[in-house]
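Predicted model only: the values in this text are computed from it and were never measured.
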Amino acid sequence: MKNLSIIILSILSVQLFSCSSNDNNETPNNPPSISIENQQDILEIYSLQEIHLDVLAKTNSDKPISDLETTGDGSCIQAQDTTLNENEGYLNYRQLAPYSKGDYTITFTAYTDDGKTSNVEQKIKVVAEPFIMEIDSTKVPSSATEGDKFTVTGTFKSVLPYNGTTTSVDIPGQTGIQFRTSVLEGGFDAVVDNIPATLPHSNRIGFEVKEHKLEKDSNGYYVYNFNVEYTVSRPGENSELPQNEFTISIIYNYYNSTIGCTGNSTPMFGTWSKTVTIQ
């Protein structure tokens, strides 16, 4: 019995030594590792601001990194600056944030030559709407006599310019913001090609733009502020509109908030208006 025990121990020792030798001599065949150098739990950003992410993939197997791929929702993923070495891959991610307010995910995937993959994600939160309109119409009366005056002030904020056309086609002379009334006279093109018109403008019966200014803020918005004085007036004898109503209108250029790729977006026009009954 003692001899049998010695034989069994000898066999186990040989097997353990053999396994240890194989572990030392074989190359590991694990999936690649992948990480984002400046990763955040949630990256909060404004619409169309640039996202900067540095992605690194590594492998300790004999199969090199073959590709680094990016997928995401809410924006167009374009070709990235990628560098592949034998055991490492680098991706320099520089893309605009999605246009619409909301929560998004960017996924980076590393591949090796033998088909193994690993993923890492960056959560993105676009914190504000891409187009914001704030108009103070508290001084607009529901009814007034002809010749009465009142003032309207407001602000438009847009991450895309007020140029009245697509972002991929340059067509000069496009109106982005216009003021008009129901009076039978021309409107005032206040912003053309994202440039505010010079004041004072030519005389209008129904209104005068007293002040306006367009500038870009630190969050990437084109901010247009205005102050308009209106004079209650009838449409005019040759107008088919009701003679007892005075309607004020602001026409503005914006873009569909559901678009994913701004380069192929379609411009849209909205109208803000109020009607005063002439006593």
Side-chain angles (χ1 to χ4, degrees), residues 23-131 158-161 163 165-170 216-222 255-267:
D23 287 343
N24 291 333
N25 293 331
E26 289 182 359
T27 302
N29 193 20
N30 299 321
S33 66
I34 184 170
S35 60
I36 300 172
E37 181 179 316
N38 45 348
Q39 186 177 21
Q40 301 180 32
D41 290 339
I42 299 177
L43 175 59
E44 295 190 348
I45 199 166
Y46 286 90
S47 173
L48 300 188
Q49 284 189 330
E50 191 173 60
I51 300 172
H52 297 179
L53 297 172
D54 296 315
V55 182
L56 172 63
K58 292 183 177 182
T59 178
N60 59 359
S61 75
D62 60 351
K63 302 299 182 182
I65 299 291
S66 60
D67 194 14
L68 275 172
E69 183 180 78
T70 307
T71 56
D73 46 13
S75 61
C76 288
I77 303 299
Q78 302 174 359
Q80 301 296 302
D81 182 11
T82 304
T83 302
L84 299 178
N85 298 323
E86 184 173 348
N87 294 319
E88 294 183 337
Y90 304 90
L91 191 150
N92 185 14
Y93 185 85
R94 300 290 185 271
Q95 289 291 307
L96 298 183
Y99 178 72
S100 305
K101 180 182 178 180
D103 298 312
Y104 303 89
T105 302
I106 302 172
T107 303
F108 301 99
T109 305
Y111 297 85
T112 57
D113 270 352
D114 58 348
K116 288 190 165 44
T117 65
S118 292
N119 298 324
V120 65
E121 293 182 346
Q122 175 63 68
K123 300 292 185 182
I124 305 292
K125 186 179 188 67
V126 179
V127 298
E129 295 291 349
F131 182 84
S158 174
V159 295
L160 290 174
N163 57 12
T165 186
T166 65
T167 56
S168 59
V169 180
D170 185 15
K216 194 171 185 178
D217 70 10
S218 59
N219 295 322
Y221 284 90
Y222 294 96
Y255 291 78
N256 187 346
S257 63
T258 63
I259 63 176
C261 304
T262 58
N264 297 318
S265 62
T266 300

Given the rule in the side chain to side chain contact (heavy atoms under 4.5 Å, CB included) test, do T112 and I65 qualify, once you have shown the distances and angles that lead to the verdict?
CA-CA 4 Å; T112 57; I65 299 291; 4.1 Å; yes
From CA spacing to verdict: side chain to side chain contact (heavy atoms under 4.5 Å, CB included), K101, K125:
CA-CA 8 Å; K101 180 182 178 180; K125 186 179 188 67; over 6 Å; no
Expected list for residues 50-58: side-chain donor-acceptor pairs under 3.5 angstrom, two or more places apart:
from : atom 1 : to  : atom 2 : distance (Å)
E50  : OE1    : H52 : NE2    : 2.5

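Partners of K216 by salt bridge (Lys or Arg N to Asp or Glu O under 4.0 Å), not counting sequence neighbours: none found. A search for side-chain hydrogen bond (donor to acceptor under 3.5 Å, both in side chains) contacts involving S158 returns nothing, not counting sequence neighbours. Among residues two or more places apart in sequence or in another chain, the salt bridge (Lys or Arg N to Asp or Glu O under 4.0 Å) test is passed with D113 by none. Taking D67 as the reference, nothing meets the salt bridge (Lys or Arg N to Asp or Glu O under 4.0 Å) condition, with sequence neighbours excluded. Partners of E69 by salt bridge (Lys or Arg N to Asp or Glu O under 4.0 Å), not counting sequence neighbours: none found.
When side chains are defined from C-beta on, F131 does not count as touching E129, because their heavy atoms never get closer than 4.5 Å. Side-chain contact between N119 and F108 is absent, with no heavy-atom pair separated by less than 4.5 Å. Looking at Y46 and V159, their side chains never come closer than 4.5 Å, going by heavy atoms from C-beta outward. In this structure, I106 and T70 have side chains that are in contact, with non-hydrogen atoms separated by less than 4.5 Å. Side-chain contact between I124 and D103 is absent, with no heavy-atom pair separated by less than 4.5 Å. The closest side-chain heavy-atom distance from Y90 to L68 is not below 4.5 Å.
For the pair D217 (side chain) and N219 (backbone), a donor-acceptor distance under 3.5 Å is present. Between the side chain of E88 and the backbone N or O of P64 there is no donor-acceptor pair closer than 3.5 Å. Remark: the backbone N or O of P32 is paired with a side-chain donor or acceptor of S118 at under 3.5 angstrom. For Q122 (side chain) and Q40 (main-chain N/O), a donor-acceptor pair under 3.5 Å exists by modelled atom type.
Atom-to-atom distance recorded for Y99:OH and S47:OG is 6.5 Å, nearest 0.5 angstrom. From N92, atom CG reaches atom OG1 of T83 across 8.5 Å, with rounding to the nearest 0.5 Å. The distance from atom CG of N87 to atom OG of S61, rounded to the nearest 0.5 Å, is 7.5 Å. Note that the CD atom of Q49 and the CG atom of L43 stand 9.5 Å from one another [nearest 0.5 Å]. Atom CG of residue L84 and atom OH of residue Y111 lie 13.0 Å apart, to the nearest 0.5 angstrom. The CZ atom of R94 sits 8.5 Å away from atom CG of D81, with the distance rounded to the nearest 0.5 Å.
Closest approach of Q95 to Q80, counting heavy atoms only: NE2-NE2, 3.0 Å.
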